[in-house]
Amino acid sequence: MSTPTPTAPLHELTLTQQSQLLASGQTSSVALTRHALARIEAHTALGAFLHVGAEQALADAAASDARRAAGQTLGALDGLPIAHKDIFVTQGMPTTAASKMLKGYQSPFDATVVAKFKAAGAVSVGKLNCDEFAMGGANENSAYGVTRNPWATDRIPGGSSGASAVAVAARLVSGTTGTDTGGSIRQPAALTGITGIKPTYGRCSRYGMIAFASSLDQAGPMARTAEDCALMLQAMSGFDERDATSAQQAVPDFLAALHTTRQGATAAQPLAGLRVGIPQEFFGDGVSADVLATTRAALAQLQKMGATLVDISLPRTELSIPVYYIIAPAEASSNLSRFDGVKFGHRAAQYDDLTDMYRKTRAEGFGPEVKRRIMIGAYVLSHGYYDAYYLQAQKLRRMIADDFQAAFKVCDVIAGPVSPSVARKIGSQTDPVAEYLADVFTLPASLAGLPGMSLPCGFSESGDHGPLPIGLQLIGNYWQEAGLLHTAHAFQQATDWHKQTPTGLS
Ligand code: GLN
């Protein structure tokens with residue numbers, strides 16, 4: 001790891017490097033936080049932040065500096081500016097889930113993940129835009145406007161954690177939280193050239209994470225490097241008695257895992273002995289030529305580093321789309337029933353009776369994609385259709401998970417593309433089903449509950465656009481985040497795709 005020179009602009013530094021500067025007394029948390037706030041202010045046109053809590057952030061930064069000066073025990077993220085996706089409820093800052101339904105909503109408590117970041121000393125500077133209730137893959141479904149990809153501001157950053165990716169890619173802050181139900185950390189990470197990991201389902205608490213599809217939703221870190229993801233994931237992970245689906249699973253030392261040496265490894269071949277499974281279904285017709293070529297080059301790089309490539313099959317990959325788009329809306333229709341104008345959030349101003357109040361509140365409060373999913377969900381769960389759709393989807397979900405277990409008998413990690421193509425233009429996709437199809441490579445790991453990550457592996461450049469980032473997806477077996485991070489870190493030691501800054505960004 002390179003030690004930053006004191007002259008490098010603070011925003012160019014990773015969390016790890018910023019932390020080193022804090023430790024050596026070359027900067028302060030207040031200086032880092034002021035710098036982040038100034039960059040956020042200078043780049044409001046990207047549409048990344050829904051709320052900036054400057055005053056509180058500066059107070060928290062000053063408190064961190066005081067802890068450090070007094071020689072108190074510090075957290076792993078002490079003094080580091082970060083920001084949360086607006087799906088996590090936060091005390092003292094509004095939480096909207098990018099929906100009109102929750103405009104101005106103030107939570108009386110912090111999500112567990114938010115509380116864990118505070119306990120680790122991180123300074124939260126604000127809340128990040130996303131697709132409404134995390135439904136989408138382009139950040140175009142926010143009630144508060146689009147978020148722009150810093151690599152080409154007329155293009156989407158991906159979604160639903162689009163602004164979490166943009167804030168890191170544009171060097172506003174060096175780490176953010178995201179959530180991933182069907183790809184929402186991995187896909188925006190890929191489309192903006194950053195690193196993100198969706199842990200195993202159950203690794204991080206969902207308490208205070210506004211629910212979209214409860215059996216799929218997972219929190220995870222988004223940052224510039226695997227090393228920073230390890231640092232953040234360490235702080236976020238662990239059993240929480242307030243989330244019945246969080247797992248009683250020991251949390252390994254993710255940072256230490258980055259530096260472990262594989263048996264038989266050498267400096268030139270740090271991945272010796274690693275068997276990388278290549279699912280044939282991830283390299284088919286639907287993938288654009290630039291993504292295919294770049295992903296293949298990344299696989300060759302892994303091979304050069306000592307890994308062995310193994311052909312595998314995940315035969316039900318395509319079925320992940322209908323299965324996910326039955327199960328996720330079914331759970332969403334149930335989860336979103338709580339937004340009824342009574343308990344919290346928006347309420348219609350005028351109505352005749354209670355039923356009319358519900359109807360008008362929900363018609364006004366939800367955007368078109370959320371309504372579409374509630375309707376699909378209610379339909380597939382309804383009497384007479386349940387067996388044909390929901391039950392069938394559940395059976396296939398199990399088979400998809402079994403396919404992965406068969407694959408993991410012959411490989412340690414699975415690699416392939418994240419998204420079939422690079423970031424498209426804002427407003428260029430009006431067919432929701434076509435949009436759903438682009439999730440084909442992220443949905444399988446989500447349905448199986450497996451950890452998956454995206455790391456930068458190259459760029460596409462053509463006559464009609466400048467460089468656009470491409471991500472490599474790594475999928476591991478249950479609880480194998482440490483292995484994924486180790487592989488990604490090794491890759492990042494040998495390549496510099498993750499170090500590229502969006503061209504033209506001031
Ligand atoms: N794009 C997928 C969807 O629209 C995934 C979203 C997510 O992971 N939150 O449902």
Side-chain angles (χ1 to χ4, degrees), residues 84-88 97-99 113 128-142 147 156-165 176-192 196-199 201 204 206 209-222 320-333 335-336 366-377 380 393 397 417-421 423-424 429-454 471 473 475:
H84 293 296
K85 182 178 183 180
D86 206 19
I87 287 288
F88 294 94
S99 180
V113 162
L128 294 156
N129 204 352
C130 55
D131 283 301
E132 185 177 5
F133 289 105
M135 297 177 192
N139 221 122
E140 291 176 308
N141 297 335
S142 167
T147 304
I156 60 154
S160 66
S161 313
S164 299
T176 57
T177 53
T179 63
D180 190 313
T181 302
S184 278
I185 287 175
R186 291 162 285 161
Q187 184 256 23
L191 301 191
T192 60
I197 181 164
K198 176 198 95 76
Y201 180 79
C204 298
R206 292 185 299 109
M209 219 173 91
I210 295 175
F212 160 16
S214 308
S215 76
L216 295 153
D217 298 342
Q218 255 300 286
M222 303 177 78
S320 296
I321 301 166
V323 169
Y324 173 88
Y325 280 99
I326 288 169
I327 292 174
E331 294 184 17
S333 72
N335 276 325
L336 271 58
F366 291 135
E369 182 61 26
V370 173
K371 285 179 185 158
R372 183 177 298 120
R373 299 208 188 187
I374 291 172
M375 287 189 283
I376 294 171
V380 298
R397 181 179 187 177
V418 179
S419 167
S421 50
R424 61 168 174 81
Q429 181 58 271
T430 47
D431 175 2
V433 175
E435 185 81 349
Y436 300 165
L437 297 181
D439 294 335
V440 63
F441 301 133
T442 51
L443 300 179
S446 294
L447 288 166
L450 293 166
M453 71 181 294
S454 174
Q473 183 172 207
I475 300 169

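Any value given below was found using the heavy atoms of this structure, including those in side chains, with hydrogens, waters and symmetry copies removed. In listed order, ligands and their atoms are each counted from 1. The residues of the chain are indexed from 1 along the displayed sequence.
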Residue, atom name and distance, where the atom is the protein heavy atom closest to [atom]:
atom	result
atom 2 (C) of ligand 1	D439 OD2, 3.2 Å
atom 7 (C) of ligand 1	S184 OG, 2.4 Å
atom 4 (O) of ligand 1	R373 NH2, 2.8 Å

| query | Any side-chain donor paired with an acceptor under 3.5 Å for S164 and K85? | reply | no
| task | Please name all residues satisfying salt bridge (Lys or Arg N to Asp or Glu O under 4.0 Å) with R206, sequence neighbours left out, ordered by chain then number. | result | D243
| field | Enumerated ligand 1 atoms positioned under 4.0 Å from heavy atoms of Y325 | value |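 What qualifies from ligand 1 is 1 (N), 2 (C), 3 (C), 4 (O), 10 (O).
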Given that the side chain starts at C-beta and the backbone is N, CA, C, O, which of these parts of [X] lies under 4.0 Å from ligand 1, counting heavy atoms, or is it both or neither?
X	answer
T181	both
A134	both
F133	neither
E369	neither
Y324	side chain

| task | State which residues pass ring pair (Phe, Tyr, Trp, His ring centres under 6.0 Å) with Y201; sequence neighbours excluded, sorted by chain then number. | result | none
| request: State whether the shortest distance between N or O atoms of G159 and N or O atoms of ligand 1 falls below 3.5 angstrom. | output: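 No, since none of the N or O atoms of G159 sits under 3.5 Å from an N or O of ligand 1.
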| request: In plain terms, say whether E132 and R373 are close enough for a salt bridge, that is, a side-chain N and a carboxylate O under 4.0 Å apart. | output: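 Not counted as a salt bridge, because no side-chain N and carboxylate O are separated by less than 4.0 Å.
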